[in-house]
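Structure first, commentary second.
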Amino acid sequence: MSRRQYPFHVIEPKWQHRWESEQTFRAWNPGDAIPATHPFGIRHALDGQQATTGALPPKYYILDMFPYPSGAGLHVGHPEGYTATDILARYRRAVGRNVLHPMGWDSFGLPAEQYAVKTGQHPRKTTETNIANFTRQIRSLGFSYDWSREIATTDPEYFKWTQWIFLQIYNAWFNPETNRAEPIGTLIFPADCDTEDKRRAHRDSKRLAFVSEAPVNWCPELGTVLANEEVIDGKSEVGGFPVIRKPMRQWMLRITSFAERLLADLDLLEWTESLKEMQRNWIGRSEGAWVDFQVEGSASKITVFTTRPDTLFGATYMVLSPEHRLVADISTAGQQEAVRKYQATAAARSDLDRTELAKEKTGEFTGAYAINPVNGARIPIWIADYVLASYGTGAIMAVPAHDERDLEFAEAFDLPVLQVVQPSDEKKDWRGFCDEGTAVNSAGAEINLNGLPTVAAKKKITEWLEAKGLGKKTINYKLRDWLFSRQRYWGEPFPIIWRRDTSGNLFHEALPESALPLLPPTLEDYKPTAEGLPPLARAKEWVTLPDGAVRETNTMPQWAGSCWYYLRYLDTKNAGAFVARDAEAYWMGGQAGSTVTPGVDLYVGGTEHAVLHLLYARFWHKVLFDLGHVSTPEPFFKLVNQGLILGEDGVKMSKSRGNVVNPDDVLGEFGADAFRLYEMFMGPLQEVKPWNTRGVEGVYRFLGRVWRLFVDEKSETDYELKTAVNPDAESGFVADIRLDPRLRDVPATAPQLKALHACIRKVTEDLDGLRFNTAISAMMMFINEAMTWETRPVIVLKTFLQLLAPFAPHLAEELWEKVHGLVGVSPVPSLTYSAWPVFDPALLVEDTLEIAVQVNGKVRDVIRVPAAATPADLEAAALVAEKARPFLEAKTVRKIIVVPKKLVNIVVG
RNA sequence: GCGGAUGUGGCGAAAUGGCAGACGCAGGGGACUUAAAAUCCCCUGGCCGCAAGGCCGUGCGGGUUCGAGUCCCGCCAUCCGCACCA
């Protein structure tokens, strides 16, 4: 396709500059002085005034997941979500909302740091270069972001507040009584906390940010620990390097305390069911009981978690995870050696070995026995790595008859299998039956479950255990506390220092707010130290404070900055608070008694963040909510995941496959409007769909048709001749292109109005339902019809431009300007803030209708009837319908179904 | 294995239980042109038929209904999560 359909290369930069210089998309906060000339002010009668919360129109907060500015530049997947949100942002402005639509950069991250390790170039430099490139690319698409609110998580003025929020978390504890985070000052100390050191230790053990010595996922290649979520099949999510378990001192955030609320509050949200389900699975709630087993001949008790306390009589052995703290204590002298050996083997096995390859169960007998509390049975205690240290209590009671894994293990080591549940289906084998049934063989001296269905048996045994002090009903979660420290350079330093107490033990202390932002030191070398300390430890002068305290040298993970960026957008320039209260209340609050949505109205991004980012951000938000800093319990009210865009070959785009489409190339050839339109026309936003360059040409041709519907062919030919001679003055010549003489300021005919209003209706309804593809096809149909009109009334075409504007804003603006020039309206009213057209149902009413005539459900004819025809009229008309009649001959009419305005079905037999 | 989603022309797709395939791509034919590109017009699910028209057709098998792509039951396939979670 060689010839340009229309001069988008001149039009697009022109309007992008205009929007920028006029600050068209600036979103106004309560308290802002709105300039007299700003079209938002003019539309809402706020021009030249100071906006107040009450005077501003209802807010609409529409948010994109901000990108990590990688060196590779923008991918065609990025603009998919961005285009969708931009279209909706423009639509909502036209409808009359005060729209907040911001963009920023999730700019901390590993690639810039790895580049620094290799080249010595400061990550800030790399980051700035990449941001500049992303900015250029995103701006060239003509998105209506309020760029005055641009943020970068690497900006000290931003991460000052990331560190500040960390301190809020650090200075809070979770009160199980109130089920909320509370300031650490409300913590009540136990009586034995009689010294300052003891009180400090107690306090530090309760903080929402705490230090743990637990085994962590250490990735030697990356030189850092990773959160469980960042390890996939025993390899790092980033780079795919091996990960090993290693005990280290780490910062953790107590997200598990919020598990129940993170689960329950999903019900408040308009997210897709699949997304909610992913979060639910991740949180992994399961109801069950803790049961204590006494170790024979020892003071030790082993507590297990089970979801099937009703099978307690079937427990024929117990298993501890190899890392369980009691293993060494209870192992008998004869078994010590073997147990130690097994522990060493298990520790050396990666997570990958433990899961995928672990078809065969392994384990070792400790030599010890436990007493089953229900019947006093003596059962052996084993260790095995099929029991995970990190789930439940790290120990299980094994009921091989009714648990697949226990059965495998019992068969491998020849342990007894005892039936205690009878399947209701008699033919079913009870061995390995894990579903609900009826309790059997479950009677002891004090308790008898026999004959009870599983649910009742669970209830009875749990109550009995609780009464005897042997167990407790409980809820367990798969979710673990969040490992929050990384051994990296390019992240937020912790605002924490370490000192020694009177007995020489290290303890941590928060820096005062006045010390924020705490900047990372300048380094020559960004590698971890030879001893495996984080890179920050290299900066000796930075680490050691004059009074002898030392700084924390870990940094925060990349998730930290993205946990709250949507709040900073509300008030980016605020130097005194992370967000001002009135700004937060206006943009996030669901104002009482109104229909305004609480939180972000619509959040669009990829599924890759379905669990981690969204769970972490919800967690931070809840802490901030509990502490009174934000006004809603949830941050993102409605959330949509855009589907992946595949390469032309139908597989995921990747450099190695060579099927990556670069947005810059598409823009150069077809322009931003065509690119935007194509991304929306491909199919439903949420679906996975392949790229097709021919498809871009299709929507590009459509935009060409729109252009030719308006402009005079001859003046465009003149324009092309002039630019061929003098290309430097091209942009000036665009103004000389005249409109088609068929465009006239005359009243519209009825069919013209009907075409227009059908289009208004379809586009409006589809925008409300995020059905961009069908909205575009409605506009195509309108244009196809309008091309046939001898006279093109300005009023009709002008209204059409308003519908087109959210999708193809540059072209719409250019034609809007020309059309107003034609009818002599000056100054040209702002297209962005012109009121969205409203369709008139009266104009869509038909005089006659096409009615399908069915015989036995098959369409045999289509008849035209007056719209006012009654069901009886329809029936009569259908019975004489010419093409249907042969199918009625020699048959008895048994029944006639009339669907008004649609069809008549004659049932014969 | 568990959970979620999706299966419609050659392709991307569209259809409040009511004329399946709108719109676009690709393909075919025509107009314009010295010619090509661009543009404009027409055709285009499969099979049978000169035609009129008929039959079949929304992954597969059942069911509900006057009527099912759509609702119900049971399968199959693909994609995406999670996965020894007791």
Side-chain angles (χ1 to χ4, degrees), chain A residues 1-5 232-233 272-282 284-286 288 304-308 311 319 354-356 358-359 361 384-388 390-399 402-406 408-409 434 476-480 607-608 610-611 641 643-644 650 678 681-684 686-699 701-702 704-705 708 713 771 773-781 784 787-788 850-862 883 886 894-909:
Chain A
M1 207 182 275
S2 53
R3 188 171 181 254
R4 241 186 228 113
Q5 290 275 344
I232 314 267
D233 292 339
T272 59
E273 197 45 42
S274 66
L275 185 57
K276 287 185 182 183
E277 206 51 36
M278 275 194 237
Q279 293 234 330
R280 287 189 195 114
N281 289 343
W282 194 267
R285 181 185 200 271
S286 56
V304 302
F305 172 73
T306 177
T307 55
R308 294 296 298 270
T311 63
V319 187
R354 280 196 182 196
T355 56
E356 274 191 18
K359 289 278 174 258
K361 293 275 182 287
D385 66 3
Y386 85 90
V387 173
L388 308 176
S390 49
Y391 181 75
T393 61
I396 61 157
M397 62 174 204
V399 184
H402 309 295
D403 182 287
E404 260 177 68
R405 298 150 299 175
D406 295 346
E408 266 178 50
F409 190 82
C434 307
N476 196 55
Y477 300 93
K478 224 164 79 179
L479 184 68
R480 313 288 149 75
T607 354
E608 64 272 23
V611 179
N641 287 127
L644 199 64
Y678 176 63
F681 188 62
M682 289 170 83
Q686 297 88 337
E687 301 293 299
V688 178
K689 41 210 177 283
W691 184 267
N692 176 7
T693 300
R694 299 284 200 167
V696 190
E697 290 170 15
V699 292
R701 273 198 287 265
F702 161 68
R705 286 161 72 82
R708 289 191 297 276
E713 213 185 317
R771 293 180 297 266
N773 53 335
T774 49
I776 293 166
S777 84
M779 291 190 285
M780 288 174 167
M781 287 197 282
N784 289 346
M787 290 292 274
T788 67
E850 283 194 343
I851 300 290
V853 179
Q854 295 183 340
V855 179
N856 286 347
K858 287 193 181 202
V859 177
R860 296 302 180 182
D861 201 356
V862 175
K883 289 175 188 158
R894 305 211 177 274
K895 195 171 175 186
I896 297 179
I897 287 107
V898 178
V899 182
K901 296 184 175 34
K902 290 277 183 193
L903 59 72
V904 179
N905 187 12
I906 305 167
V907 184
V908 297

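Convention: sequence-line order gives letters A, B, ...; per-chain numbering from 1. We use all heavy atoms of the structure for the numbers below, so side chains are in, but hydrogens, waters and symmetry mates are not.
Residue A/Ser286 is classed as a sugar-phosphate contact, given heavy-atom separations below 4.0 Å to backbone atoms only. Residue A/Val319 is classed as having no contact, given no heavy-atom separation below 4.0 Å to the nucleic acid.
Dashed line: the shortest gap from a side-chain N or O of A/Arg705 to OP1 or OP2 of B/C40 is under 4.0 Å. Residue A/Gln279 places no side-chain N or O under 4.0 Å from the OP1 or OP2 atom of B/C82. Of the side-chain N and O atoms in A/Arg701, one or more sit less than 4.0 angstrom from OP1 or OP2 of B/A26.
Contacts of A/Tyr386 classified as ring-ring contact (aromatic ring centres under 6.0 Å, His included), with partners at least two apart in sequence or in another chain: A/Phe409. For A/Gln686, the side chain to side chain contact (heavy atoms under 4.5 Å, CB included) criterion is met by A/Val640, A/Pro684, not counting sequence neighbours. By the side chain to side chain contact (heavy atoms under 4.5 Å, CB included) test, A/Met787 is found to be paired with A/Arg705, A/Leu709, A/Ile783, residues two or more places apart in sequence or in another chain being considered. Scanning for side chain to side chain contact (heavy atoms under 4.5 Å, CB included) contacts around A/Asn641 gives A/Leu275, A/Thr607, A/Leu639, with sequence neighbours left out. Under the salt bridge (Lys or Arg N to Asp or Glu O under 4.0 Å) criterion, A/Arg285 pairs with A/Glu260, A/Glu287, sequence neighbours left out. Scored by the side chain to side chain contact (heavy atoms under 4.5 Å, CB included) test, A/Arg860 finds A/Val855, A/Lys858, A/Ala884, A/Phe887 as partners (sequence neighbours excluded). Looking at residues two or more places apart in sequence or on another chain, you find a salt bridge (Lys or Arg N to Asp or Glu O under 4.0 Å) between A/Glu850 and A/Arg864. A search for salt bridge (Lys or Arg N to Asp or Glu O under 4.0 Å) contacts involving A/Glu713 returns nothing, not counting sequence neighbours. Residues passing the salt bridge (Lys or Arg N to Asp or Glu O under 4.0 Å) test with A/Asp861, sequence neighbours excluded: none.
Remark: the separation of the C1' atoms in B/A77 and B/C60 is 10 Å, to the nearest Å. Here the separation of B/G27 from B/C11, taken at their C1' atoms, is 11 Å to the nearest Å. Going from the C1' atom of B/G59 to that of B/G7 covers 6 Å, rounded to whole Å. Annotation: B/G57 and B/G69 have their C1' atoms spaced 11 Å apart (nearest Å). Atom P of B/U8 sits at a distance of 34 Å from the matching atom of B/C84, rounded to the whole Å. Taking atom P on both nucleotides, B/A36 is separated from B/G28 by 15 Å, rounded to a whole Å.
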Spell out protein contact along nucleotides 15-23 of chain B as letters: B when the base is contacted, S when just the sugar-phosphate is, - when no protein heavy atom is under 4.0 Å; keep the 5' to 3' order.
---BB--BB

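For A/Tyr391, taking side-chain heavy atoms from C-beta onward, the closest of the listed nucleotides B/G3, B/C84, B/A86 is B/A86. Among B/C82, B/G12, B/C40, the nucleotide with an atom closest to any side-chain atom of A/Met682 is B/G12. Residue A/Val907 has its side chain nearest to B/C66 when only B/U6, B/C66, B/A86 are considered.
Side-chain contact between A/Ile396 and A/Asp406: present, with at least one pair of heavy atoms (C-beta onward) separated by less than 4.5 Å.
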Would you sketch RNA chain B in dot-bracket for me? Only Watson-Crick or G-U wobble pairs with both distances under 3.5 Å count, crossing pairs as [ ], other-strand pairs as |, the rest as dots.
(((((((..(((.....[....))).(((((.......))))).((((....))))..(((((..]....))))))))))))....

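Taking both residues in full, the closest heavy atoms of A/Val853 and A/Ile906 are given as CG1-CD1, 4.2 Å, listed atom of the first, atom of the second, then distance.
Mapped onto RNA chain B by nearest heavy atom, A/Leu275 and A/Arg708 fall at different nucleotides, with A/Leu275 at the one closer to the 5' end.
What separates CG of A/Asn281 from P of B/G3 is a distance of 9 Å, to the nearest Å. We find that CZ of A/Arg694 is positioned 12 Å from C1' of B/C11, with the value rounded to whole Å. Regarding A/Glu713, its CD atom lies at a distance of 12 Å from the C1' atom of B/C32, rounded to whole Å. A/Lys361 places its NZ atom 10 Å from the P atom of B/C84, with the value rounded to the nearest Å. Regarding A/Glu277, its CD atom lies at a distance of 12 Å from the C1' atom of B/A5, rounded to whole Å. Per the geometry, NZ belonging to A/Lys689 stands 13 Å off P belonging to B/G7, to the nearest Å. Here the P atom of nucleotide B/C80 and the CD atom of A/Glu687 are 14 Å apart, to the nearest Å. Atom C1' of nucleotide B/G67 and atom NZ of A/Lys895 are separated by 10 Å, given to the nearest angstrom.
On a pure distance criterion of 3.5 Å, no polar donor-acceptor pair joins the side chain of A/Lys478 and the base of B/C82.
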Between protein and nucleic acid, restricted to nucleotides 43-53 of chain B and to nitrogen or oxygen atoms under 3.5 Å apart, what atom pairs and distances do you find?
none

Applying salt bridge (charged side-chain N to carboxylate O under 4.0 Å, His left out), run through A/Arg280 and A/Glu277 and close with a yes or a no.
CA-CA 5 Å; A/Arg280 287 189 195 114; A/Glu277 206 51 36; 2.8 Å; yes

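The CZ atom of A/Arg694 sits 12.0 Å away from the OH atom of A/Tyr678 when rounded to the nearest 0.5 Å.
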